[in-house]
*Asks:* 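Sharing a structure below in structure tokens format, with a few things to ask.
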Protein chains: 2
Amino acid sequence: MRAKAEATRERLLAAAKNLVMSKGFAGTSVDDVLKATDLTKGAFFHHFKSKADMAEQLMHWYAEGDMKMFRTFMAEAEAAHDDPMDQLMQFLTDFENYLTDPTNPPKGCMYALYTYEDDHFENDVKGFVADTLQTWTAMYIRKFQEVIDLYPPARPATAKRLAEMIVAMIEGGLILERAYKNPGMTARQSEQFREYLELLFPTAAERKAA
Amino acid sequence: MRAKAEATRERLLAAAKNLVMSKGFAGTSVDDVLKATDLTKGAFFHHFKSKADMAEQLMHWYAEGDMKMFRTFMAEAEAAHDDPMDQLMQFLTDFENYLTDPTNPPKGCMYALYTYEDDHFENDVKGFVADTLQTWTAMYIRKFQEVIDLYPPARPATAKRLAEMIVAMIEGGLILERAYKNPGMTARQSEQFREYLELLFPTAAERKAA
DNA sequence: ATTAACATACCAACTGGTCGGTATGTATGA
DNA sequence: TCATACATACCGACCAGTTGGTATGTTAAT
């Protein structure tokens, strides 16, 4: 029984995610979610004590899946290469392939969405979004620091700056992707960032050429 | 009397802009706007034939102000320098100063906001947002092409890619700025982008040093 | 005297949320 | 083992408040 209940909860969350991603949080009504799942008010308020509670659970659920994916990509990249620059490059190309893969539209980032509707959310939720973005950034920082320690950058650069840069480029890419309905935009940003890295760490490029 | 009417319309739009920027479009009710302006339903529906119509007028109004600002920055930069690289750099630093200036929070980009709530808007509005972003990008493309024509890039680069890159970085920066409540994030993205340009166009940097 | 520019009163539909009820599970004890 | 006792999972009617929108004023400028 508990397994079926969890399945129901995830059905609600999955439907909510799709709706929220295309209509926003305030624009998505509880009834919308119920229509999409063929469930009723009773079910909804059994699993969530309010709509705001759903928002919180939805964000945690989303972040969990999101972070797991990134960690998997990173672990694979680290297993495949010893050199941190190689690891980073593979991570980014893997991510680009994932973005290019014609999976379930509409694409977008729920952190960004919550950020642009933040008046509706409790400080807990806003803090969680910020923390998650920080964790994401921190993953990059660690890797960039390894690269910087190994290869002198052609111009002064900090790991933090580079990490924030790629995160911003991805977020911005997703916006352009939605606005233009052009599925390739985000991956192109990642590609362009790799171009920058090649220029910034010339000795890493030479090493590979050798 | 017509002047007073236009003033009322702008009062409504200005209030709507602030509210929409912090609560989203669906999250902002007509009553919210009226409460903020001390006006009534009669006034609102005299100026806008529906809430959706307000959304459209709001976007046009916003884009007009936005584009005017960018054109002003660009005109100033072009008046101050002959070299396109110098023009570009001043444009970016001017923009950074504007972003850093502690003006009216909350910061953010209405194009991004509409993009993340696009289910509520007519195709007209969505198309307009896309067109405006394209126009913004096209301004950069023109300038980057001038730079590329003059200084050979250290690695293959197209004006279009670079233009999309800076637009994405700004959009992403604004998201991080909101999420972290850190007013400096967006300007930092622009700075970092200039760092990239210095690397990409080394001969331009040499020319300046000489 | 018209008309533009607003105010006021009101409406049907929808909003998030509650509540009593039911069916189906699970734990316990004799 | 099998009835008792309770908990979980869900249903659907209902509620008060809010939503966008309208119909009918009133006032003031042209």
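Model, not experiment: these values are computed from the prediction. Chain identifiers are assigned alphabetically (A, B, ...) following the order of the sequence lines, protein sequences preceding nucleic acid strands; residue numbering begins at 1 within each chain.
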*Asks:* Quickly work out the B/E10 CD to C/dA5 C1' distance and round it to whole Å.
*Replies:* 16 Å
*Asks:* Report the distance from atom CG of B/L19 to atom P of D/dT19, rounded to the nearest whole Å.
*Replies:* 12 Å
*Asks:* How is B/K51 classified with respect to the nucleic acid when contacts are heavy atoms under 4.0 Å: base, sugar-phosphate, or nothing?
*Replies:* sugar-phosphate
*Asks:* From C/dC6, D/dC11, D/dG20, pick the nucleotide closest to the side chain of B/S29?
*Replies:* D/dG20
*Asks:* In whole Å, what is the span from the CG atom of B/L34 to the C1' atom of D/dT18?
*Replies:* 14 Å
*Asks:* Taking only side-chain N and O atoms of A/T8, does any of them lie within less than 4.0 angstrom of OP1 or OP2 on D/dC10?
*Replies:* yes
*Asks:* Please report the distance, rounded to the nearest Å, between NZ in A/K49 and C1' in D/dT8.
*Replies:* 19 Å
*Asks:* Do we see a donor-acceptor contact under 3.5 Å between the side chains of B/E164 and A/Y180?
*Replies:* no
*Asks:* Of the nucleotides D/dA9, C/dG17, D/dG20, which has the atom closest to the A/H46 side chain?
*Replies:* D/dA9
*Asks:* Roughly how many Å is it from CZ in A/R9 to C1' in D/dA9, rounded to a whole number?
*Replies:* 14 Å
*Asks:* Once you measure the plane-to-plane angle for B/F25 and B/H120, does it fall in the parallel (<30°), tilted (30-60°) or perpendicular (>60°) bin?
*Replies:* tilted
*Asks:* When we call it a touch if two heavy atoms are under 4.0 Å apart, what does B/T28 touch: a base, just sugar-phosphate, or nothing?
*Replies:* sugar-phosphate
*Asks:* In whole angstrom, give the distance that lies between atom CD of B/E6 and atom P of C/dA4.
*Replies:* 16 Å
*Asks:* Nearest whole angstrom, please: distance from the P of C/dC19 to the CZ of A/F44.
*Replies:* 17 Å
*Asks:* 5'-most contact on DNA chain C: B/L39 or A/A52, nearest heavy atom basis?
*Replies:* B/L39
*Asks:* Measure from the side-chain heavy atoms of B/K41 and tell me the nearest of D/dC11, D/dG12, D/dG21.
*Replies:* D/dG21
*Asks:* Give the rounded distance in Å between these two atoms: CZ of A/F45 and P of C/dG20.
*Replies:* 16 Å
*Asks:* Between C/dC6 and B/H47, is there an OP1 or OP2 to side-chain N/O distance shorter than 4.0 Å?
*Replies:* yes
*Asks:* If each of B/T40 and A/D31 is mapped to the nucleotide of DNA chain C with the nearest heavy atom, which maps nearer the 5' terminus, i.e. the 5' end?
*Replies:* B/T40
*Asks:* Is B/K51 positioned over the aromatic face of B/F45, cation under 6.0 angstrom from the ring centre and no more than 45 degrees off axis?
*Replies:* no
*Asks:* Decide if the gap between the ring center of B/Y140 and the ring center of B/F91 is smaller than 6.0 angstrom.
*Replies:* yes
*Asks:* Would you please classify the geometry between the A/Y98 ring and the A/F73 ring as parallel, tilted or perpendicular, with 30° and 60° separating the classes?
*Replies:* perpendicular
